[in-house]
Amino acid sequence: RDSKIPEPPEGHRWKEVRFDNTVTWLASWTENIQNTWKYIMLNPSSKLKGEKDWQKYEVARRLKGVVHTIRAQYRRDWKSKELKKRQRAVALYFIDKLALRAGNEKEEGETADTVGCCSLRVEHIQLHAQLDGQEHVVEFDFLGKDSIRYYNKVSVEKPVFKNLQLFMKNKDPTDDLFDLLTTAFLNKHLQHLMDGLTAKVFRTYNASITLQEQLKALTNPEDDVAGKLLSYNRANRAVAILCNHQRSIPKTYARSMQVLQQKIDAKKKQVEEAQEEVKKAEDEFKDTEDAKAEANLEKKKKLLKRLEEQLAKLNIQATDKEENKQIALGTSKLNYLDPRISVAWCKKFGIPIERIYNKTQREKFAWAIDMAGEDFEF
DNA sequence: CAAGGAGACTCAGAAAACTTTGC
DNA sequence: GGCAAAGTTTTCTGAGTCTCCTT
């Protein structure tokens, strides 16, 4: 603190050596190709990053307390006399319900043509008064962050639908859907509703609350560890779908699926054979009615049951793999799910934490592992 | 005094590196 | 018990969000 600022080592062209406790980086420079900033920052396992992460989830938990009021308010604003407020209210509805990103404006041409909520254009949505037996369906199709496609058909509340029709009236496909709205305006409003509230907090909040609810709904205390872990993965997957976290289909997918399918086919055959055996044993027992034949029948039945169970397990595995082939679970696990929810779940159901988090993740979430008991509620 | 840009930080999936599994 | 393939973890660095300061 009181020590003298050291001189930059000779033979280098450092700009400066500085003391600055308002930032968290250790070194920075401007990258010379694109003129962007580069930083050396601390590891996620560091105290500094851990505390920041904790804070983030605490803000999301505060949102939980006021989200009902906020929802009531944006519903009222759907009928506002000010068009700008209506746009804000509809956009916020999307951000809340669909976990869309804020959608800052970005420089045209220089960067990929991707959008978020506030930067949606007319061409990115289609309205269907009626679709697949649902009313007021909005069909989204646009490229989001990292040019990942967002495609979704959602039934929305009638006032939202009416408003969207209004916003689209007399506009070209390339016009902004929310032409009166900016992320700055939206975030200023959110800040006013709750200290520290911004658009992205909704993503964190909805992701975490979804995990908690799904875990509650899916976990069967009777299941073994593998069964419970499957439930956990499904809860995690629900969140990844909500946040649209995708991945390209793994190169090994087709092959490993094929191998699995072979296993399934082989198992099916075994089951069929076992069924034959049972039938045979049944006939024999009917004929002879002796104890030996009965015992044999029971044995065959038992075998059949075991094989059927194994088949069912393989089928689940295949379904799981199939469902997961385009979905990336890592991003939500690392960035959106309050780790205390997972820690509490592990403690409650006696699942070792290392089945959920690997070594690096346990280091990153050390604060949560320390803090959360089995009855932690997000 | 609002608009806009600089700056700082979080979040994203792909690819490389490493570990485990199944033969 | 060794080796290839499959699966997992780590690394990489670009793409977003949002704050704050300048104009």
Examine [N]: is either OP1 or OP2 under 4.0 Å from a nitrogen or oxygen in the side chain of [X]? Give yes or no.
{"X": "A:K145", "N": "B:dT10", "value": "no"}
{"X": "A:T24", "N": "B:dA8", "value": "no"}
{"X": "A:T198", "N": "C:dC18", "value": "yes"}
{"X": "A:K106", "N": "C:dG16", "value": "yes"}
{"X": "A:R203", "N": "B:dC11", "value": "no"}
{"X": "A:W37", "N": "B:dG7", "value": "yes"}
{"X": "A:Y336", "N": "B:dA12", "value": "yes"}

Between A:E289 and A:K286, does any side-chain N to carboxylate O distance fall below 4.0 Å? no

Using 4.0 Å as the upper bound for N to carboxylate O, is an ion pair formed by A:K292 and A:D290? no

Atom-to-atom span, [atom1] of [X] to [atom2] of [N] - whole angstrom:
{"X": "A:N104", "N": "B:dG7", "atom1": "CG", "atom2": "P", "result": "18 Å"}
{"X": "A:W29", "N": "B:dA6", "atom1": "CH2", "atom2": "C1'", "result": "18 Å"}
{"X": "A:K188", "N": "B:dA3", "atom1": "NZ", "atom2": "C1'", "result": "11 Å"}
{"X": "A:E105", "N": "B:dG5", "atom1": "CD", "atom2": "C1'", "result": "11 Å"}
{"X": "A:E31", "N": "C:dG14", "atom1": "CD", "atom2": "C1'", "result": "10 Å"}
{"X": "A:N35", "N": "C:dA15", "atom1": "CG", "atom2": "C1'", "result": "17 Å"}
{"X": "A:Y150", "N": "C:dG16", "atom1": "OH", "atom2": "P", "result": "17 Å"}
{"X": "A:K325", "N": "B:dG13", "atom1": "NZ", "atom2": "P", "result": "18 Å"}

Which listed nucleotide ([options]) is nearest to the side chain of [X]?
{"X": "A:R101", "options": "C:dT17, C:dT19, B:dG13", "answer": "C:dT17"}
{"X": "A:N358", "options": "C:dT9, B:dA14, B:dC9", "answer": "C:dT9"}
{"X": "A:D146", "options": "B:dC9, B:dA12, C:dC18", "answer": "B:dA12"}
{"X": "A:V23", "options": "C:dC18, B:dC9, B:dC11", "answer": "B:dC9"}
{"X": "A:T114", "options": "C:dT9, B:dG7, C:dG16", "answer": "C:dG16"}
{"X": "A:K38", "options": "C:dT13, B:dA8, C:dC18", "answer": "C:dT13"}
{"X": "A:H245", "options": "C:dT19, B:dG13, B:dC9", "answer": "B:dG13"}

Is it the case that the ring center of A:W29 lies less than 6.0 angstrom away from the ring center of A:Y39? no

In the structure I gave you, are the side-chain heavy atoms of A:E377 and A:Q212 within less than 4.5 Å of one another anywhere? yes

Could you tell me how the ring of A:Y150 sits relative to the ring of A:F142: parallel (under 30°), tilted (30 to 60°) or perpendicular (over 60°)? parallel

How are the rings of A:H245 and A:Y336 set to each other: parallel, tilted or perpendicular (split at 30° and 60°)? tilted

Find which nucleotide of DNA chain C each of A:K321 and A:K359 is nearest to by heavy atoms, and output the residue with the more 5' nucleotide. A:K321

Mind checking A:A112 for me? I need base, sugar-phosphate or nothing, with any heavy atom below 4.0 Å counting as a touch. nothing

Within the 4.0 Å heavy-atom criterion, would you say A:I148 contacts the bases, only the backbone, or no part of the nucleic acid? sugar-phosphate

Applying ring-ring contact (aromatic ring centres under 6.0 Å, His included) to A:F140 and A:F94, what does each step give before you reach the verdict? CA-CA 11 Å; A:F140 292 84; A:F94 286 163; 5.1 Å; yes

If two hydrophobic side chains count as joined below 4.5 Å and joins carry through other members, does A:Y232 share a cluster with A:L218? no

Hphob cluster co-occupancy, A:L334 + A:L337, side-chain heavy atoms under 4.5 angstrom: no

For DNA chain C, determine which residues of residues 248-260 of chain A have any heavy atom closer than 4.0 angstrom to one of its atoms, and list them numerically. A:T252, A:R255, A:S256

Determine whether any donor atom in the side chain of A:K200 lies under 3.5 Å from an acceptor atom in the base of C:dC18, or the reverse, and answer yes or no. no

